[in-house]
Chemist: 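Have a look at this one before I ask anything.
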2 protein chains.
Amino acid sequence: MTKQAANPDRISDAEQAVMEALWTRSPLTAAEVADSVGEERGWSLATVKTLLSRLVGKNAIAAQPDGRRFLYSPVIARADFVGHESRRLVDRLFGGKAASLFAHLAEAEALSDADIEEIEVLLRELRK
Amino acid sequence: MTKQAANPDRISDAEQAVMEALWTRSPLTAAEVADSVGEERGWSLATVKTLLSRLVGKNAIAAQPDGRRFLYSPVIARADFVGHESRRLVDRLFGGKAASLFAHLAEAEALSDADIEEIEVLLRELRK
DNA sequence: TCGAAACGATTACGACTGTAAACAATGACG
DNA sequence: CGTCATTGTTTACAGTCGTAATCGTTTCGA
């Protein structure tokens, strides 16, 4: 047990692609996931099956038996995943300060006019 | 060459800790980095040396000879690293829309009052 | 009924990571 | 001068990730 203490079952990039498919529609069979994901990623059915197994092992998805195959569904919600990853980034790179992330985005001109517009609206919402 | 095509020399978590030390102060010797980083992470000098080598291999830091040892300095700037990782997150999780990230943070109540205050100020700046 | 198709499970394998230990060369101290 | 400490280099090794191929079983169509 050397690393997973620091790495409590993170969802990898490839695995995320599978999650996205299931977040979009579920439950799905392995073949269906492969159709939807393997398409653009150029993955073989075998690869998708491996990823599904790993995700089940990580308790990120559940497999309910349906005849002799499984129907897979997400166990963790996308919002939770997104929240987790966002928080992780803010902690790792901005000392936990979300405003710093925002400042960086602004400074790096990573914010489009539309972004700024939208954020202003959100801000007005926030202060009710 | 199966994976690094998709992974052009990313800086890992452990490696980032070493980078942080060098971003804070540089150039440093391996021993100095170990003092500054290995302390809190509980790393041995050997571990720090390995990480330094790997970072040199990734062209993330440079090693200039100083007698029979090296002085290490960052090659990539922290702002670049931060920008890269932020963009990556926004792309991966928010379809490239920074405003969506912001919306998520707001919704998840991940924004403190101070954050909001600060962002408002920044926004005023932005629209000059 | 018999072979092909479909499924999950097992095995594979190289690259990357975290975490070092072992080794070789050299320099410093007694 | 000999030995210990220092420093970079090489090797190690288990766990994760990307990407499958193979295997064993079951089912469906001819």
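Keep in mind that this is a model prediction, so the values were computed, not measured. To find a chain, count down the sequence lines: A is the first, B the second, and so on, and within it residues start at 1.
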Chemist: Going by atom type alone, with no hydrogens or angles, which donor-acceptor pairs under 3.5 Å involve a side-chain atom of residues 51-65 of chain B and a protein atom two or more places apart or on another chain?
Modeler:
{"unit_1": "B:S53", "atom_1": "OG", "unit_2": "B:K49", "atom_2": "O", "d": "3.1"}
{"unit_1": "B:K58", "atom_1": "NZ", "unit_2": "B:R10", "atom_2": "O", "d": "2.8"}
{"unit_1": "B:K58", "atom_1": "NZ", "unit_2": "B:E15", "atom_2": "OE1", "d": "2.8"}
{"unit_1": "B:K58", "atom_1": "NZ", "unit_2": "B:E15", "atom_2": "OE2", "d": "3.1"}

Chemist: Which residues within residues 44-57 of chain B lie with some heavy atom under 4.0 Å of an atom in DNA chain D?
Modeler: B:K49, B:R54

Chemist: Is a donor on one side and an acceptor on the other found under 3.5 Å between the side chain of B:S36 and the backbone of B:E32?
Modeler: no

Chemist: Is the shortest heavy-atom distance from the side chain of B:L28 to the side chain of B:L71 under 4.5 Å?
Modeler: no

Chemist: Reckon B:A63 touches a base, only the sugar-phosphate, or nothing at all at heavy-atom distances under 4.0 Å?
Modeler: nothing

Chemist: With distance as the sole test, does A:T50 use its side chain to make a donor-acceptor pair with the main-chain N or O of A:A46 at under 3.5 Å?
Modeler: yes

Chemist: Does A:D113, at its CG atom, have more than 12 non-hydrogen atoms belonging to other residues, nucleotides or ligands within less than 6.0 Å?
Modeler: no

Chemist: Does any residue of residues 15-23 of chain A have a heavy atom under 4.0 Å from DNA chain C, and if so, which ones, in number order?
Modeler: none

Chemist: Specify the separation, in whole Å, of atom CH2 of B:W43 and atom P of C:dA21.
Modeler: 15 Å

Chemist: By side chain to side chain contact (heavy atoms under 4.5 Å, CB included), which residues pair with B:A103, not counting sequence neighbours?
Modeler: A:L122

Chemist: What does the inter-axis angle of the helix from C:dT1-D:dA30 to C:dG30-D:dC1 come out as, five pairs per end, nearest 10 degrees?
Modeler: 20°

Chemist: Is there a side-chain contact between A:L123 and B:F102 (heavy atoms, below 4.5 Å)?
Modeler: yes

Chemist: Mind calculating the distance between OH (B:Y72) and C1' (D:dT7) to the nearest angstrom?
Modeler: 8 Å

Chemist: With no hydrogens and no angle check, is any side-chain donor or acceptor of B:R78 less than 3.5 Å from a backbone partner on B:M19?
Modeler: no

Chemist: Mind running a 4.0 Å heavy-atom check of residues 64-71 of chain A against DNA chain C and sending the residues that fall below it, in number order?
Modeler: A:R68, A:R69, A:F70

Chemist: Judged by atom type as modelled, is there a donor-acceptor pair below 3.5 Å linking the side chain of B:Q16 to the main-chain atoms of A:R92?
Modeler: yes

Chemist: Hey, are A:D13 and A:R41 close enough for a salt bridge, meaning a charged N less than 4.0 Å from a carboxylate O?
Modeler: no

Chemist: Output the rounded distance in Å from CZ (A:R41) to P (D:dT19).
Modeler: 7 Å

Chemist: Let me know the distance between CD of A:E32 and C1' of C:dC7, rounded to the nearest Å.
Modeler: 14 Å

Chemist: Can you tell me how far C1' of D:dG15 sits from CG of B:D13, to the nearest Å?
Modeler: 15 Å

Chemist: Do you know the tightest heavy-atom contact between A:D91 and A:G96?
Modeler: OD1-CA, 3.3 Å

Chemist: Can you name the nearest heavy-atom pair linking A:A110 to B:A98, along with the distance?
Modeler: O-CB, 4.1 Å

Chemist: Would you call A:L101 and A:L93 a side-chain contact if the rule is heavy atoms closer than 4.5 Å?
Modeler: no

Chemist: Would you kindly give the CZ-to-C1' distance between B:R10 and C:dC16, to the nearest whole Å?
Modeler: 12 Å

